Amino acid sequence: MAISNSISVALPAIIDLDTLDTIRDRLIDAIGLGAVVVDASAVERVSTNALFLLVSAAETAQVQQTGFAIQNVSAAMSVAIERLGLNARFSGMIEQ
């Protein structure tokens with residue numbers, strides 16, 4: 001189910017330690033404004049820390065009682081989530 005009136009945050013192709021601060025800041029700003037939809041279609045490589053950042057952002061959105069969803073998850077991101085055993089943590093966030 002799509003989140004109406006949401007702020008869109010597009011993830012870059014490479015999400016590593018060099019990009020985490022920027023993504024974190026964008027997510028904090030977006031969650032402060034309301035519901036967030038993260039577009040993960042461009043992700044080619046993602047670090048473990050980046051996945052935990054997304055889990056943390058979803059938990060923050062839940063505490064603030066606003067929506068948080070991830071759409072268009074790339075194959076690379078799906079594989080990373082699966083390999084790290086994070087399917088259960090992401091299952092409520094990912095929209096097909």
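Predicted, not measured: the structure shown is a model, and the values here were computed from it.
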Hey, are the side chains of Met77 and Leu54 touching, using non-hydrogen atoms and a 4.5 Å cut-off? yes
Given side chains that start at C-beta, do those of Ile70 and Asp39 come closer than 4.5 Å, heavy atoms only? no
Close side-chain approach of Met93 and Phe68, heavy atoms under 4.5 Å: yes
Residues that, via side-chain heavy atoms closer than 4.5 angstrom, fall in one hydrophobic cluster with Ile14: none
Can you confirm whether Arg24 is buried at CZ, in the sense that more than 12 heavy atoms of other residues, nucleotides or ligands lie under 6.0 Å from that atom? yes
Do Phe52 and Ile15 belong to the same hydrophobic cluster, where Ile, Leu, Val, Met, Phe, Trp and Tyr are linked whenever their side-chain heavy atoms lie under 4.5 Å apart, directly or via other members? yes
If two hydrophobic side chains count as joined below 4.5 Å and joins carry through other members, does Val55 share a cluster with Leu17? yes
Looking at every heavy atom in both Glu44 and Ala76, which two are closest together, and how far apart are they? O-CB, 3.2 Å
Write down the atom of Ala50, the atom of Leu20, and the distance for their closest heavy-atom approach. CA-CD2, 3.5 Å
Sub-3.5 Å donor-acceptor pair from the side chain of Arg26 to the main-chain atoms of Asp21, do we have one? no
Side-chain polar contacts of residues 78-92 - donor-acceptor pairs under 3.5 angstrom, sequence neighbours left out - could you list them?
| residue | atom | partner | partner atom | Å |
| --- | --- | --- | --- | --- |
| Ser78 | OG | Ser74 | O | 3.2 |
| Arg89 | NH2 | Glu59 | OE2 | 2.4 |
| Ser91 | OG | Ala88 | O | 3.0 |

Could you check if a side-chain atom of Ser41 sits within less than 4.5 angstrom of a side-chain atom of Leu11, using non-hydrogen atoms only? no
Validation row: Val37, Val9 side chains within 4.5 angstrom (heavy atoms): no
May I ask you to decide if Ser56's main-chain N or O and Thr60's side chain share a donor-acceptor pair within less than 3.5 Å? yes
Working for side-chain contact (heavy atoms from CB on, under 4.5 Å), residues Ile23 and Asp25: CA-CA 5 Å; Ile23 295 167; Asp25 292 345; over 6 Å; no
For the student: nearest non-hydrogen atoms of Gly34 and Thr66, plus distance: C-OG1, 2.9 Å
Would you say the side chains of Asn49 and Ser47 form a donor-acceptor pair under 3.5 Å? no
Determine whether Ile7 and Ile31 satisfy the following criterion, side-chain contact (heavy atoms from CB on, under 4.5 Å), listing intermediate values before the conclusion. CA-CA 8 Å; Ile7 295 98; Ile31 291 169; over 6 Å; no
